[in-house]
Amino acid sequence: MVDHYFSASPTSPENLRRIRLSLAGRPVELTTAAGVFSPERLDVGTSVLLANTPEPPSGGDFLDLGSGWGPIALSMAMMSPRARVWAVDVNERALDLVRRNAASLGLDNVNAVLPEDVPEHVTFRAIRSNPPIRVGKSVLHDLLETWIPRLAERSDAHLVVKRDLGSDSLQRWLAATFADGFSVHRTATGKGYRVLKVRRHGSPPTEPVQLPEV
């Protein structure tokens, strides 16, 4: 059976490898493995997301949805050492890699867990995700409908999606689905990818800021 990066328990040999890259302006060497998303290098979509999102808040709970081996979660943890970063994935091998990589960087503020292991009362001051588009539209929509409502007030989710894999239709779906109390904008484009920002407004409602489409 062929493993997918969204397989819960990959059966292929790990084939652990070390890769060098820059995260949060710091050169690092991290461990990846077969059976997870983009094991050879930092994928283009994630690099576009990391280059086109602001620094996260100084504290609070953050979510990396579909963490893979951890570049987004690790970046947020490095930039905000007082925050608690939840690296969420269904792939047990990916979660093990996040834990290894967090330990190697001396980061004790990363929780790499299955979705059901995030306490229900936790809300997020930041959500960052290169979402698993290839799981299919229905599963992807269920995933976003589960997690985006857990944004804290006046907080943002940033998603990166390839244009030819449906970024524009996803933006329209997000705007229609989260019409009450949220706003959705495209904030950046690069290398065939779009960065979409979903903001949860506060109570009393803040006025949506109209940003030019990129």
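Residue numbers start at 1 and run along the sequence shown.
Take D43 and apply the side chain to side chain donor-acceptor pair (under 3.5 Å) test, not counting sequence neighbours, and it matches T46, N130. Every residue meeting the side-chain contact (heavy atoms from CB on, under 4.5 Å) condition with K162, not counting sequence neighbours, appears here in chain and number order: D164, L165, Y193. Partners of R150 according to the side chain to side chain donor-acceptor pair (under 3.5 Å) rule, which considers only residues two or more places apart in sequence or in another chain, do not exist here. Scanning for side chain to side chain donor-acceptor pair (under 3.5 Å) contacts around R99 gives an empty result, with sequence neighbours left out. Applying the side-chain contact (heavy atoms from CB on, under 4.5 Å) test to D61 and every residue at least two apart in sequence or in another chain returns R84, W86, V122, F124. Annotation: side chain to side chain donor-acceptor pair (under 3.5 Å) contacts of S104 (sequence neighbours excluded): none. Among residues two or more places apart in sequence or in another chain, the side-chain contact (heavy atoms from CB on, under 4.5 Å) test is passed with P27 by none. Partners of D142 according to the salt bridge (Lys or Arg N to Asp or Glu O under 4.0 Å) rule, which considers only residues two or more places apart in sequence or in another chain, do not exist here. Residues satisfying the side-chain contact (heavy atoms from CB on, under 4.5 Å) criterion with P149, sequence neighbours excluded, are F178.
T32 and E40 share no donor-acceptor pair across their side chains, judged by distance under 3.5 Å alone. When only modelled atom types and interatomic distance are considered, S183 and H201 share a side-chain donor-acceptor pair under 3.5 Å.
Contact detail for L140 and P131: the closest heavy-atom pair is CD1-CB, 3.8 Å. G166 and S169 get closest at one heavy-atom pair: O-OG, 3.0 Å. Heavy atoms only, all atoms of each residue included: P81 and N109 are closest at O-ND2, 3.4 Å. Of all heavy-atom pairs spanning L16 and A33, the tightest one is CD2-CB, 3.7 Å. In plain terms, the two heavy atoms of A87 and V110 that are nearest each other are CB-CG1, 4.4 Å. Heavy atoms only, all atoms of each residue included: L107 and A77 are closest at CD1-CB, 4.0 Å.
Other residues, nucleotides and ligands place more than 12 heavy atoms under 6.0 Å from the CZ atom of R17. Other residues, nucleotides and ligands place no more than 12 heavy atoms under 6.0 Å from the CG atom of D180.
Taking the side chain as every heavy atom from C-beta outward, I148 and F182 approach each other to under 4.5 Å. Contact annotation: the side chain of N101 never approaches that of V28 to less than 4.5 Å [non-hydrogen atoms, C-beta and beyond]. Using a 4.5 Å heavy-atom cutoff, the side chains of S129 and W147 are not in contact. Using a 4.5 Å cut-off on side-chain heavy atoms (C-beta onward), V88 and L114 make no contact. Side-chain contact between L50 and L23 is present, with heavy atoms from C-beta onward closer than 4.5 Å. At least one side-chain heavy atom of L170 sits under 4.5 Å from a side-chain heavy atom of H141. Contact check for L143 versus E145: no side-chain heavy atoms found under the 4.5 Å cut-off. When side chains are defined from C-beta on, S155 does not count as touching R199, because their heavy atoms never get closer than 4.5 Å.
Listed by first and then second residue, the salt bridge (Lys or Arg N to Asp or Glu O under 4.0 Å) pairs involving residues 105-132 amount to none (not counting sequence neighbours). Pairs passing the side chain to side chain donor-acceptor pair (under 3.5 Å) check and including a residue from residues 64-83, sequence neighbours excluded, do not occur. Among residues at least two apart or in separate chains, salt bridge (Lys or Arg N to Asp or Glu O under 4.0 Å) pairs with a member in residues 23-33 are R18-E29, R20-E29.
Under the 4.5 Å side-chain heavy-atom criterion for Ile, Leu, Val, Met, Phe, Trp and Tyr, L95 and M76 are members of distinct hydrophobic clusters.
Interatomic distance, NE2 of H185 versus CG of L196, reported as 11.0 Å (0.5 Å rounding). Considering CG of L144 and CG of L159, their distance stands at 6.0 Å, rounded to 0.5 Å. Between the CG atom of L74 and the CE atom of M79 there is a distance of 10.5 Å, given to the nearest 0.5 Å. Here the straight-line distance linking atom NE2 of H158 with atom CG of N52 works out to 9.5 Å at 0.5 Å rounding.
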So T123 and L151, side chain to side chain contact (heavy atoms under 4.5 Å, CB included) or not? Walk me through it. CA-CA 6 Å; T123 59; L151 272 173; over 6 Å; no
Evaluate the criterion side chain to side chain contact (heavy atoms under 4.5 Å, CB included) for residue pair D89 and V113; output intermediate values, then yes/no. CA-CA 7 Å; D89 208 297; V113 297; over 6 Å; no
Decide yes or no on side chain to side chain contact (heavy atoms under 4.5 Å, CB included) for R186 and Q171, but give the supporting numbers first. CA-CA 8 Å; R186 184 194 312 154; Q171 181 179 351; 3.7 Å; yes
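L97 pairs in a side chain to side chain contact (heavy atoms under 4.5 Å, CB included) with only one of the listed residues (L30, N91, T31), which is T31.
Although no hydrogens or angles enter the test, the distance criterion places no donor-acceptor pair under 3.5 Å between the side chain of R163 and the main chain of T189.
Ion pair R194/D168 flagged as a salt bridge, since at least one NZ, NE, NH1 or NH2 atom sits closer than 4.0 Å to an Asp/Glu carboxylate oxygen.
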